[in-house]
Amino acid sequence: MKTAVDAARKENPGEPVPPDLVTTSASGLDPDLSPEAAMFQVPRIARARGISESDLRQLVSEQVERRQLGFLGEPRVNVLLLNLALDDRWALAKK
């Protein structure tokens, strides 16, 4: 786990590392991230896609799923749905 934390710190120096970026669910197949974990990755993904961080932060904010019934569970971002929205708005350049 220390290696994962160190790698995340290199990605965004000075930013707190969200725990769900350096831990895994029991199955390892959890499709969701916390909003904090999704936002932590914005600078790297914006660079990779050649888009502005502010535009990407707006998209991530739009993808946050709130608590069910206002009190069940935690806010989350479905990674698959976020990636589909990214592809829809800013397709990766064809190589």
Side-chain angles (χ1 to χ4, degrees):
M1 184 158 92
K2 181 179 180 340
T3 304
V5 171
D6 291 342
R9 283 190 178 135
K10 284 181 186 175
E11 184 177 318
N12 285 344
E15 295 293 321
V17 178
D20 53 329
L21 281 184
V22 295
T23 58
T24 58
S25 65
S27 69
L29 300 173
D30 191 352
D32 300 325
L33 284 175
S34 68
E36 296 80 15
M39 289 295 188
F40 184 87
Q41 297 179 75
V42 163
R44 178 179 55 83
I45 294 166
R47 278 191 310 274
R49 290 196 178 243
I51 59 178
S52 78
E53 286 186 33
S54 62
D55 287 343
L56 184 50
R57 286 185 193 286
Q58 178 63 38
L59 180 65
V60 171
S61 294
E62 292 168 8
Q63 294 293 315
V64 173
E65 298 174 14
R66 305 292 175 208
R67 293 179 170 156
Q68 295 173 334
L69 303 175
F71 66 94
L72 293 174
E74 293 296 322
R76 64 207 170 278
V77 176
N78 183 295
V79 176
L80 175 61
L81 295 178
L82 177 57
N83 282 326
L84 290 172
L86 274 165
D87 287 344
D88 187 49
R89 278 199 206 171
W90 303 287
L92 286 172
K94 303 283 187 232
K95 293 190 178 184

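- To the nearest 0.5 angstrom, Gln58 atom CD is 14.0 Å from Glu53 atom CD.
- Side-chain contact between Val60 and Gln41 is absent, with no heavy-atom pair separated by less than 4.5 Å.
- Looking only at side-chain heavy atoms (C-beta outward), Leu86 and Ile45 come within less than 4.5 Å of each other.
- Heavy-atom minimum distance, Val77 versus Ala38: CG2-CB, 4.1 Å.
- The backbone N or O of Glu11 sits nowhere less than 3.5 Å from a side-chain atom of Arg44 that would complete a donor-acceptor pair.
- Judged by distance alone, the side chain of Asp20 and the main-chain N or O of Ser34 form a donor-acceptor pair under 3.5 Å.
- Smallest separation of non-hydrogen atoms from Pro75 and Val64: CB-CG1, 4.2 Å.
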Test log, rule side-chain contact (heavy atoms from CB on, under 4.5 Å), inputs Leu84 and Leu80:
CA-CA 6 Å; Leu84 290 172; Leu80 175 61; 4.2 Å; yes
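- Pro31 is not listed as a side-chain neighbour of Arg76, based on a closest heavy-atom distance of 4.5 Å or more.
- Between Phe40 and Leu33, the closest side-chain pair of non-hydrogen atoms is not below 4.5 Å.
- Looking at heavy atoms from C-beta onward, Val79 lies in side-chain contact with Asn83 at the 4.5 angstrom threshold.
- Two residues are said to be in side-chain contact when any heavy atoms from C-beta on lie closer than 4.5 Å; Arg9 and Val17 meet this criterion.
- Nearest heavy atoms, Leu56 versus Val42: CD2-O, 3.6 Å.
- In this structure, Lys2 pairs ionically with Asp6, as a charged nitrogen and a carboxylate oxygen lie closer than 4.0 Å.
- Between Pro18 and Pro16, the shortest heavy-atom contact is CD-O, 3.3 Å.
- Between the CD atom in Glu65 and the CG atom in Asp32 there is a gap of 6.0 Å [rounded to 0.5 Å].
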